[in-house]
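Step one of this worksheet: look at the structure below.
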Amino acid sequence: MDEHEQQRIRREKLEALQSAGLDPFTHVKYSVTARSAEIHAGFEKLEGKAVGIAGRVMTKRVMGKASFIDIQDRDGRIQSYVARDAIGEEEYSQFKQFDIGDIVGVRGTVFRTQKGEDSVKATEVTLLAKALQPLPEKFHGLRDTEARYRQRYVDLIVNPEVKETFIKRTQIIKEIRAFLDNRGYLEVDTPVLQTIPSGAAARPFETHHNTLDMQMYLRIALELPLKRLIVGGLERVYELSKVFRNEGISIRHNPEFVMLELYEAYTDYQGMMELAESLIKAVAEKVNGTSKITYGEHEIDLGKPFARITMVDAVKQYAGVDFNTIDTLEAAREAAKAHHVKFEKHHAKGDILSLFFEEFAEKHLIQPTFLLDYPVEISPLTKRIPGNPDYTERFELFIAGRETANAYSELNDPIDQRSRFKHQEELRQAGDDEANMTDEDFLTAVEYGMPPTGGMGIGIERLIMLITNAASIRDVIFFPTMKPRD
């Protein structure tokens, strides 16, 4: 029977129920007194007790005067034994017309079958919602990747491991909040709509405010508003919220994603390293019960001290090019040509160093590694290293060859910050539409005096991918951005 034929039959069953005055969609509530996990875990206490359960019919075995159904609720599955003599002949006749996927409520007593299966012996079965679409075929489930992402609701129904991943997602976010709250951070929220997109090298989504007749942008980062709050004296703040970047889609990129950004006065990027290491270890242990995780083919130990290496040393180690000996832009370009590293006309020496890292070194940083001291050209909001002004007090944390966190000692010199913004504006004029715009109000805020501050951003989906061993960012976002079919 094809899918369309199944849909036709299900609609006919619904019409028959409605004609008999038994419309399942008229039920407004159902008293659930126990869930599947409670019954399995507390069977000895619940045996012989009356319970009310509800959920989706996942399997159905009709055997004349008695039947078995498996009901799936939020926590898992529980079997129900439905006998004609227990619920009534007319009710049993109606029950036999129920389909896989229907949502039912069952009242009855807890017992264990001869085969040792925890079950509920039904005294009443109520159809709470009729499924007009059939679930995917039993033995193959929903395996088409695109269909899983487009129809996440079906994915959650038929693939228990998917539900477990998203339950862990919630637990991870909960533990992050608890960790930061315990360290005295204040959770805040800042505007999604901004007049100047800033805080990251990314192309923004544009929109228009009709009443004010002005162009606005969806935020690409949380950074500058949060640092305004540091100026205001809040000292430790964080925000866990959506940001939006109008760029490519891949297994690591979705146009909208959840970002954690936090800022702490009177510390620096060294303090952020301690925080990142402690936070990620604590979250993994809380959610998985261990600091050791498996990601793909790699065994990763988050409990060991994280390695540290500068970008210059990483490029020297993995590409054999020592940027300490490269003094000019022309020399950097020649090195790039010799190693087939593509660069653009507006790229400075620091940009080319970063391109070398991405090409040759990034994939080797499997165990947790802090990559330190980024070039000033690609760090417009970061303090320079004293005595080495071409580089900044910035790190990115790499795990399994992927960036997990980005942090730095925040630039609090408004004069230097203005010159950095000016350079970014020159890059925009040269065609770099991901360069930062000048935010005059932020400059004014810093002119009031911003204390020495450490700041960090963590892409939450990438952290969830790591802890849940998910291959794609789409596996940890309920509704990832997809191109319409039509």
#### Entry: Evaluation steps, side chain to side chain contact (heavy atoms under 4.5 Å, CB included), between Arg148 and Asp475
CA-CA 9 Å; Arg148 286 182 50 234; Asp475 293 327; 3.8 Å; yes
Taking [X] for the side chain and [Y] for the main chain, is one N or O donor matched with an acceptor at less than 3.5 Å?
| X | Y | value |
| --- | --- | --- |
| Arg169 | Val476 | yes |
| Asn406 | Ile458 | no |
| Thr369 | Phe398 | no |
| Gln367 | Ala307 | no |
| His347 | Glu344 | yes |
| Arg474 | Asn254 | no |
| Ser291 | Lys281 | no |
| Arg462 | Glu403 | yes |
| Glu261 | Glu223 | yes |
| Asn159 | Glu161 | no |

So that I can tick it off, tell me whether [Y] and [X] are bridged by a salt bridge, with the cut-off set at under 4.0 angstrom between side-chain N and carboxylate O.
| X | Y | value |
| --- | --- | --- |
| Lys383 | Asp416 | no |
| Lys422 | Glu425 | no |
| Glu256 | Lys242 | yes |
| Glu396 | Arg402 | no |
| Glu12 | Arg8 | yes |
| Arg228 | Asp439 | yes |

### Message
Please determine whether side-chain hydrogen bond (donor to acceptor under 3.5 Å, both in side chains) holds for the pair Asp73 and Ser36, giving the CA-CA distance in whole Å, both sets of side-chain angles, and the decisive distance to 0.1 Å.
### Response
CA-CA 7 Å; Asp73 62 16; Ser36 58; 2.7 Å; yes
Under 3.5 Å, is there a donor-acceptor pair between the [X] and [Y] side chains?
| X | Y | value |
| --- | --- | --- |
| Ser241 | Arg219 | yes |
| Thr382 | Arg394 | no |
| Glu187 | Tyr185 | no |

Gap separating the [atom1] atom of [X] from the [atom2] atom of [Y], nearest 0.5 angstrom:
| X | Y | atom1 | atom2 | value |
| --- | --- | --- | --- | --- |
| Lys130 | Glu15 | NZ | CD | 12.0 Å |
| Ile78 | Ile53 | CD1 | CD1 | 6.5 Å |
| Leu212 | Leu193 | CG | CG | 10.5 Å |
| Glu393 | Tyr269 | CD | OH | 5.0 Å |

### Message
List the residues meeting side chain to side chain contact (heavy atoms under 4.5 Å, CB included) with Lys286, not counting sequence neighbours, and say none if there are none.
### Response
Glu175
### Message
For the aromatic rings, using the six-membered ring if either is Trp, is the centroid distance between Phe205 and Phe244 under 6.0 Å?
### Response
no
For a quick test of reading the model, state the closest non-hydrogen atom pair linking [X] to [Y] and the distance between them.
| X | Y | result |
| --- | --- | --- |
| Ser80 | Val106 | OG-CG1, 3.5 Å |
| Tyr149 | Arg152 | CD2-NH2, 3.6 Å |
| Asn436 | Gly199 | OD1-N, 3.4 Å |
| Glu239 | Asp189 | OE2-CA, 3.5 Å |
| Tyr217 | Thr195 | CE1-O, 3.3 Å |
| Asn288 | Lys168 | OD1-NZ, 2.8 Å |

Which pairs of donor and acceptor atoms, one on a side chain in residues 348-362, lie under 3.5 Å apart (sequence neighbours left out)?
from: Lys349; atom 1: NZ; to: Ile326; atom 2: O; distance (Å): 2.9
from: Asp351; atom 1: OD2; to: Ala348; atom 2: N; distance (Å): 2.8

### Message
I'd like to know whether CD of Glu5 has more than 12 heavy-atom contacts from other residues, nucleotides or ligands below 6.0 angstrom.
### Response
yes
### Message
Is it true that, when you exclude Lys13 itself, more than 12 heavy atoms of the residues, nucleotides or ligands shown sit nearer than 6.0 Å to its NZ?
### Response
yes
### Summary
Quick note, ring pair (Phe, Tyr, Trp, His ring centres under 6.0 Å) partners involving residues 276-298, not counting sequence neighbours, are none
### Query
Which pairs with one or both residues in residues 196-208 pass side chain to side chain donor-acceptor pair (under 3.5 Å), sequence neighbours excluded?
Arg203-Asp433, Glu206-Gln215, His208-Asp213
Enumerate, atom names and distances included, each donor-acceptor pair closer than 3.5 Å involving a side-chain atom of residues 271-279, sequence neighbours excluded.
from: Glu274; atom 1: OE1; to: Arg183; atom 2: NH1; distance (Å): 2.9
from: Glu274; atom 1: OE2; to: Arg183; atom 2: NH2; distance (Å): 2.9
from: Glu274; atom 1: OE2; to: Ser278; atom 2: OG; distance (Å): 2.7
from: Glu277; atom 1: OE2; to: Phe306; atom 2: N; distance (Å): 3.1
from: Ser278; atom 1: OG; to: Glu274; atom 2: O; distance (Å): 2.9

Less than 3.5 Å apart, which donor and acceptor atoms pair up between the side chains of residues 310-321 and the rest of the protein, not counting sequence neighbours?
from: Thr310; atom 1: OG1; to: Asp313; atom 2: N; distance (Å): 3.0
from: Thr310; atom 1: OG1; to: Asp313; atom 2: OD2; distance (Å): 3.2

### Query
Pick from Gln7, Gln6, Gln151, Arg10: which one makes a side chain to side chain donor-acceptor pair (under 3.5 Å) with Gln133?
Gln7
